[in-house]
> 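This is the structure, below, for whatever I ask next.
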Amino acid sequence: MGEKTPSVHAGHRQGMKEQFLKQGLSGMQDHKILELLLFYAVPRRDVNPLAHRLVDHFGSLAGVFHATYDQLLEVEGVGANIATLLKLIPAVSARYLEESASFDGRIVSSWQLKELLAPLFFGQRDEIAYLVCMDGKNKVLATRKLGEGVVGAVPIAARKVLEAALACNASRVVLAHNHVSGVAIWSPSDVDTTLRLRRVLAEADIVLADHVILAGDDMVSMAESGLFRD
């Protein structure tokens, strides 16, 4: 009498933690990964039903991480601690990618450009444009966010791109934006905008070296595809 019965949930949690430490996440279902994470926001309650609800509501593990804080709170059982944890995961992942990039500050290949840009677009739900400003030797001076959805708005994009490049005293720039559709293929509007920006920048003696589009793990380069040939 008076002795506490070991919790079934405690044994389940320990078993899942040991499985992860031995095997990693390979083969683990999305709701199981979420359940493992939720252990650290909900100390004692069974979180398996909540993990299922999250995956069902947002469609996938990635969908859960892409959800906004307010959208997460709309799911039954999700409070401030859980929503904050789920927003923290992709943010920490992006910081890890940024700090583990191996290039030395000079962009001499497309994979180095991808290493620089991938953390900026990681987990983004909206289309965003950035400008990478470099000197004449391709050393990165700064990376400026131009805004959301600006690539298709030619007059606004031209002014913002030129202002950002001049502010950095850049000799060369690379325009970059993401496609949230997951397809790294430029549209006719992307091409028209890029060619116009190239002409505007050239008048200020600034070279538009490339325009790259990122979608998931893919990146395509307009320069490498021959679109910049005069």
> Please report the interatomic distance NE2(His177) to CG(Leu117), rounded to the nearest 0.5 Å.
12.0 Å
> Heavy atoms, side chains only, cut-off 4.5 Å: are Ile185 and Val220 in contact?
no
> Would you please name every residue forming a salt bridge (Lys or Arg N to Asp or Glu O under 4.0 Å) with Lys32, sequence neighbours left out?
Glu35
> So which residues get pulled into Val180's cluster when ILVMFWY side chains under 4.5 Å apart are joined, directly or through others?
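Result for Val180 is none, singleton.
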> Can you list the residues that meet the side chain to side chain donor-acceptor pair (under 3.5 Å) rule with Ser187, with sequence neighbours excluded?
Asp190
> Check Val55 against Leu34 and note the closest heavy-atom contact, atom names and distance.
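That closest heavy-atom pairing would be CG2-CD1, 3.6 Å.
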> Could you grab the distance from atom CG of Leu38 to atom CG of Asn81, nearest 0.5 Å is fine?
11.5 Å
> Mind listing the closest non-hydrogen atom pair of Ala158 and Leu197 along with its distance?
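Of all heavy-atom pairs spanning Ala158 and Leu197, the closest is CA-CD2, 3.2 Å.
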> Under the rule for side chain to side chain donor-acceptor pair (under 3.5 Å), what residues qualify as partners of Arg172, not counting sequence neighbours?
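Listed in chain order: Asn138.
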> Sequence neighbours excluded, which residues qualify as side chain to side chain contact (heavy atoms under 4.5 Å, CB included) partners of Asp126?
Glu148
> Do you know the tightest heavy-atom contact between Ala164 and Leu146?
CB-CD2, 4.3 Å
> Go through the structure and list residues passing ring-ring contact (aromatic ring centres under 6.0 Å, His included) with Phe121, not counting sequence neighbours.
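ring-ring contact (aromatic ring centres under 6.0 Å, His included) check on Phe121 returns Tyr130.
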> Tell me every residue that passes side chain to side chain donor-acceptor pair (under 3.5 Å) with Ser60, counting only those two or more places apart in sequence or in another chain.
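So Ser60 forms no side chain to side chain donor-acceptor pair (under 3.5 Å) with any residue.
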> Just verifying a value: how many Å separate Leu208 CG and Leu195 CG, rounded to the nearest 0.5 Å?
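Interatomic distance, Leu208 CG to Leu195 CG, rounded to 0.5 Å: 9.0 Å.
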> Is there a donor-acceptor pair closer than 3.5 Å between any side-chain N or O of Asn178 and the backbone N or O of Ile128?
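Yes, Asn178 side chain to Ile128 backbone: donor-acceptor pair under 3.5 Å.
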> Tell me the salt bridge (Lys or Arg N to Asp or Glu O under 4.0 Å) pairs involving residues 200-224, sequence neighbours left out?
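The answer is none; no pair qualifies.
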> Which ILVMFWY residues are connected to Leu141, directly or by a chain of links, through side-chain heavy atoms under 4.5 Å apart?
none
> Answer yes or no: is there a donor N or O on one side and an acceptor on the other, between the side chain of His179 and the main chain of Ile213, under 3.5 Å?
no
> Enumerate the residue pairs fulfilling side chain to side chain donor-acceptor pair (under 3.5 Å) with a member in residues 17-28, sequence neighbours excluded, ordered by first and then second residue.
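Side chain to side chain donor-acceptor pair (under 3.5 Å) check on residues 17-28 returns Gln14-Glu18.
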> Keeping to residues at least two apart or across chains, list the ring pair (Phe, Tyr, Trp, His ring centres under 6.0 Å) pairs with something in residues 46-67.
His31-His52
> Could you pull out all residues at least two apart from Thr194 that satisfy side chain to side chain donor-acceptor pair (under 3.5 Å)?
His211
> Okay, side chain of Arg144, backbone of Ala165: is any donor-acceptor separation there less than 3.5 Å?
no
> Work out which heavy atom in Ala209 is nearest to a heavy atom in Ala223; give both atom names and the distance.
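Taking Ala209 first and Ala223 second, the nearest heavy atoms are O-CB, 3.5 Å.
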> To the closest 0.5 Å, what do you measure between OG1 (Thr68) and NZ (Lys87)?
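Interatomic distance, Thr68 OG1 to Lys87 NZ, rounded to 0.5 Å: 6.5 Å.
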> Do other residues, nucleotides or ligands put more than 12 heavy atoms under 6.0 Å from the CG atom of Asn169?
no
